[in-house]
Amino acid sequence: MMKRALMVAEKPSLAASLANILSNGRSTNRKGINNACSIHEWNMQFKGESVHFLMTSVCGHVMSLDFVGKFNNWDRVDPAELFHCPTEKKEAVAKLKMPSFLAKEAKGCDYLVLWLDCDKEGENICFEVIDAVRESMRITDHNVFRAHFSAITEKDIKAAMNNLGKPNENEAKSVDARQELDLRIGCAFTRFQTRFFQGKYGDLDASLISYGPCQTPTLGFCVQRHDEIQTFKPEPYWVLQVTVQTSEGKEVVLDWERVRCFEKEIATMFLMQVKEFKEAKVTSVSMKEKAKVRPLALNTVELMRVASSGLGMGPHHAMQIAERLYTQGYISYPRTETTHYPENFDLLEVLRQQQHSSDWGEEVREVLSSGINRPKKGHDAGDHPPITPMRTASRSELDGDAWRLYDYITRHFIATVSRDCTYLSTTAKFEIGKEVFKCTGKTLLDPGYTIVMHWQSFSKNETVPPFSDGEIVNIQEAKLQECQTCPPDYLTESELITLMEKHGIGTDASIPVHINNICQRNYVAVGSGRRLVPTSLGIVLVHGYQKIDPELVLPTMRSALEEQLNLIAHGQASMHAVLQHSLEIFKQKFLYFVKNIEGMDQLFEVSFSPLAMLGKALSRCGKCRRYMKYVQAKPARLHCSHCDETYSLPQNGVVRIYKELKCPLDDFELLSWSAGNKGKSYPLCPYCYNHPPFRDMKKGSGCNACTHPSCPHSLNSNGVSSCVECDGGVLVLDPASGPKWKLSCNRCDVIIHIFDDAHKVAVDDGTCECGAQLICVNYKEERTKLPNEATELTGCVFCSPDFANLVEKHRAINRPNRMAPGGRAARGRGRGRGGKGRGKGKPKDKMAQLAAYFV
DNA sequence: GCAAGGTC
């Protein structure tokens with residue numbers, strides 16, 4: 001039987017190109033089970049025999065790192081634990097079913113050839129792929145290969161195929177280490193600061209106060225510029241300005257060679273000296289041919305810079321549009337670091353496609369007829385060719401921003417093969433006494449690429465009148481001009497991208513994400529000219545880090561971390577050693593930060609208002625009976641200033657008091673939540689919403705204990721009875737506890753299990769002499785445990801003899817009393833074991849589920 | 001709900 005080889009690329013587009021090259025255009029194509037990846041097949045000689053090849057791809061990382069389930073609970077986990085708690089790899093995008101897709105295609109394969117991108121992330125994905133196919137094919141040292149390629153060209157790809165190597169485990173491990181460090185450090189700091197400041201201030205206007213080794217230094221750049229502006233002290237200075245008249249009577253303003261002077265007396269002295277003369281003498285006229293060079297081929301970072309500064313589009317938005325242009329076939333792959341066209345890149349063909357364009361066809365035809373200029377030598381990062389147009393588009397087929405981006409990409413491409421713009425730079429020097437002045441001008445020789453990139457062309461007034469050596473001209477005016485030094489302006493997005501690139505913060509793909517993050521988290525706002533103006537939250541955060549531990553916000557922190565990771569990649573240190581070392585350092589930094597958070601808090605105090613000062617009284621607290629305040633600013637929440645407790649609420653809706661009713665479990669006044677005017681509303685108890693009373697009930701799952709007519713927890717309904725073991729306690733029937741039904745008291749620690757295997761249990765309308773509500777139980781006929789095969793029984797769990805055999809009453813051990821005098825225990829009741837199913841899901845689903853138990 | 005990195 002013919003042997004089979006599975007080949008895997010990093011993304012579908014690359015799999016298609018590789019298959020096309022390797023099969024000489026003879027591959028067949030089918031969709032994979034996840035509908036995202038295609039499989040290209042053909043036969044080809046390999047290792048001396050004909051082999052059936054399958055070329056497919058992943059979509060970036062197959063797996064991603066996360067904490068194991070219970071450590072994702074912000075309430076129960078101390079963020080310091082995140083530095084050592086267990087982690088696990090989860091499928092990066094569950095709906096792509098990537099591991100099972102790969103496993104399926106690997107079945108019956110004899111070879112695995114990895115065509116992941118040739119960088120550390122790609123190396124890491126190699127091992128994710130190997131892990132995914134391990135069960136389906138026998139993986140040995142001899143049947144797994146790694147293709148090393150530096151450009152998607154026939155020459156390079158075929159050479160890679162003929163010279164396969166092995167995946168680099170050290171590089172992959174360095175990525176594993178990076179993932180773990182980023183996860184643990186980022187989440188620990190984020191959770192701590194979010195909790196700390198959200199519990200104190202009501203007008204932060206941010207639901208998350210995040211920290212990240214990339215996003216925080218990014219914010220740092222913006223705040224640094226803000227500080228420079230704030231601390232800037234304008235200084236006056238004086239400029240000696242002389243206007244002369246040419247022989248043709250034209251006025252020309254000369255530039256002073258000393259440029260400016262910061263002392264008025266001295267400047268005045270120079271002026272007096274100059275004033276003694278009526279004429280200026282031209283001492284030299286020099287002319288030099290200079291060039292404005294054509295641009296380098298376009299890569300992602302440059303595209304983002306231009307989109308922001310030239311087109312007013314944010315980098316995130318620009319990349320979304322670029323991606324759409326790419327998938328529609330208008331441009332080449334838009335994520336690349338490379339600024340150098342591959343040797344066999346058909347520049348002429350791409351250019352010819354554009355020659356009939358009504359927008360730049362004329363310029364293209366000119367370039368074609370005069371012959372293309374060899375593009376400037378750029379940098380080949382070995383990833384993808386530079387960004388170029390792939391087919392013509394007209395203004396009508398692309399909408400606004402898509403057209404503007406396509407227009408730029410195409411003009412940029414044409415410019416890279418156009419001539420440089422050349423001009424004559426003329427400098428005339430003048431002497432007035434001992435002072436020297438000059439006047440420079442530019443005369444266009446050849447507009448070159450600026451015809452197509454017209455916004456870079458010369459303005460008309462840059463030419464200089466034809467002075468000649470030794471010429472004497474009249475001085476028309478000499479005066480001092482008083483000026484002031486100006487502060488820098490806020491950082492433009494384009495400048496920020498340059499800074500990030502320079503300091504190695506983020507990658508071409510993640511730079512827009514980080515910038516987007518700090519905007520969305522309300523740390524910076526985008527001002528006019530796409531300048532990034534930090535908000536008071538952003539400023540206070542950065543100043544706080546600088547006060548406690550400046551390294552946390554330093555751009556060098558990321559590169560220091562990368563240096564450690566490189567030790568792993570180069571095999572100079574084990575992953576374990578590096579992780580242990582770096583995690584220990586950051587854990588100490590974290591603990592120090594927590595201990596000294598007061599320093600940051602002092603800054604918050606000045607800019608923000610404490611929760612207690614904000615909001616309006618809304619509903620009563622179940623613990624102290626005082627009114628709690630509703631804080632409307634994001635995230636909406638309730639705050640009891642007497643108990644100093646904050647209760648989160650469902651977001652993006654309207655919260656009102658609900659009929660002045662109280663929750664039977666904890667005496668908190670009930671609220672009604674509705675989504676806008678026409679949206680559905682449901683009642684909720686603020687305490688139960690934060691501390692679910694039943695096991696399996698997700699925090700924040702909506703109506704927990706309330707008096708909504710259809711809510712089973714209501715006293716008016718069927719879920720709650722009085723407890724007669726204690727004074728004033730309420731027995732709650734846990735609707736999710738069947739078939740071992742459970743009633744538990746919210747005041748004493750009684751738990752009553754009843755009617756194992758009962759089909760349905762409900763609290764009846766009737767009341768027993770002892771004061772408890774009657775309980776009604778239903779069995780299915782075949783499973784009844786009642787005398788005479790009855791299927792229904794109503795009675796009291798405390799006194800009815802009929803119930804004696806069916807009730808099991810005990811006291812919970814170590815269960816904190818929900819209404820203990822010293823304040824309510826934080827833990828809810830009766831969440832004995834984990835599990836899934838009932839009690840989960842959206843509020844409305846849960847209502848339906850609960851209702852089903854009691855109707 | 002959290003990071004950063006791939007990519008769709």
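Computed from heavy atoms alone, side chains included, the values below leave out hydrogens, waters and symmetry copies. Proteins get letters first, then strands, A, B, ... in listed order; numbering begins at 1 in each.
Between the NZ atom of A:Lys89 and the C1' atom of B:dA4 there is a distance of 13 Å, given to the nearest Å. In this structure, A:Arg178 places its CZ atom 6 Å from P of B:dG5, rounding to the nearest Å. Separating the NE2 atom of A:His514 from the C1' atom of B:dG5 is a distance of 8 Å, rounded to the nearest angstrom.
For A:Arg558, counting side-chain heavy atoms from C-beta on, the closest listed nucleotide (B:dA4, B:dG6, B:dT7) is B:dA4. Residue A:Pro213 has its side chain nearest to B:dA3 when only B:dG5, B:dA3, B:dC8 are considered. In the set B:dG5, B:dT7, B:dC2, B:dT7 carries the atom at the smallest distance from any side-chain atom of A:Tyr333. Minimum atom distance to the side chain of A:Cys214 is reached by B:dG5, of the listed B:dT7, B:dG5, B:dC8. Distance from the side chain of A:His61 is smallest to B:dG5 among B:dG1, B:dG5, B:dA4. The side chain of A:Glu10 approaches B:dT7 more closely than any other nucleotide in the set B:dC8, B:dC2, B:dT7. Each of B:dG1, B:dC2, B:dA3 was ranked by its minimum atom distance to the side chain of A:Arg195; first place goes to B:dG1. Residue A:Asp66 places its side chain closer to B:dC2 than to any other of B:dC2, B:dG1, B:dG6. Minimum atom distance to the side chain of A:Pro12 is reached by B:dT7, of the listed B:dG5, B:dT7, B:dA4. Here the nucleotide nearest the side chain of A:Lys11, chosen from B:dG5, B:dA4, B:dT7, is B:dT7.
A:Glu180 comes within 4.0 angstrom of no nucleic acid atom, judged by non-hydrogen atoms across all strands. Counting non-hydrogen atoms under 4.0 angstrom, A:Gly122 reaches nothing in the nucleic acid. Nucleic acid contact class of A:Leu96 (heavy atoms, under 4.0 Å, all strands): base. Using a 4.0 Å heavy-atom distance criterion, A:Arg324 is classed as making no nucleic acid contact. Heavy atoms of A:Leu82 sit nowhere under 4.0 angstrom from any nucleic acid atom. Nucleic acid contact class of A:Phe189 (heavy atoms, under 4.0 Å, all strands): none.
One finds a side-chain N or O of A:Ser510 lying less than 4.0 angstrom from the OP1 or OP2 phosphate oxygen of B:dG5. Between A:Gln179 and B:dA3, a side-chain N or O to OP1/OP2 separation shorter than 4.0 Å is absent. For the OP1/OP2 pair of B:dA4 and a distance below 4.0 Å, the side-chain nitrogens and oxygens of A:Ser64 include no atom meeting the criterion. Residue A:Arg521 has no polar side-chain atom (N or O) positioned under 4.0 Å from OP1 or OP2 of B:dG1.
The list of side-chain hydrogen bond (donor to acceptor under 3.5 Å, both in side chains) pairs with a residue in residues 65-74 of chain A, not counting sequence neighbours, reads A:Asp66-A:Lys90.
Ion pairing between A:Asp176 and A:Lys89 holds under the 4.0 Å rule for side-chain N and carboxylate O. Using a 4.0 Å cut-off between charged side-chain N and carboxylate O, A:Lys120 and A:Glu123 make no salt bridge.
The distance between the ring centers of A:Phe197 and A:Phe608 does not fall below 6.0 angstrom.
Counting distance only, with no hydrogens placed and no angle test, the side-chain atoms of A:Arg335 and the base atoms of B:dG6 include no donor-acceptor pair under 3.5 Å.
Annotation for A:His576: atom NE2 does not count as buried by contact number, only 12 or fewer foreign heavy atoms lying within 6.0 Å. Heavy-atom contacts from other residues, nucleotides or ligands closer than 6.0 Å to NZ of A:Lys31 number more than 12.
A stacking contact links A:Trp74 to B:dG1: the aromatic ring centre lies within less than 5.5 Å of the base's six-membered ring centre, and the planes differ by less than 30°.
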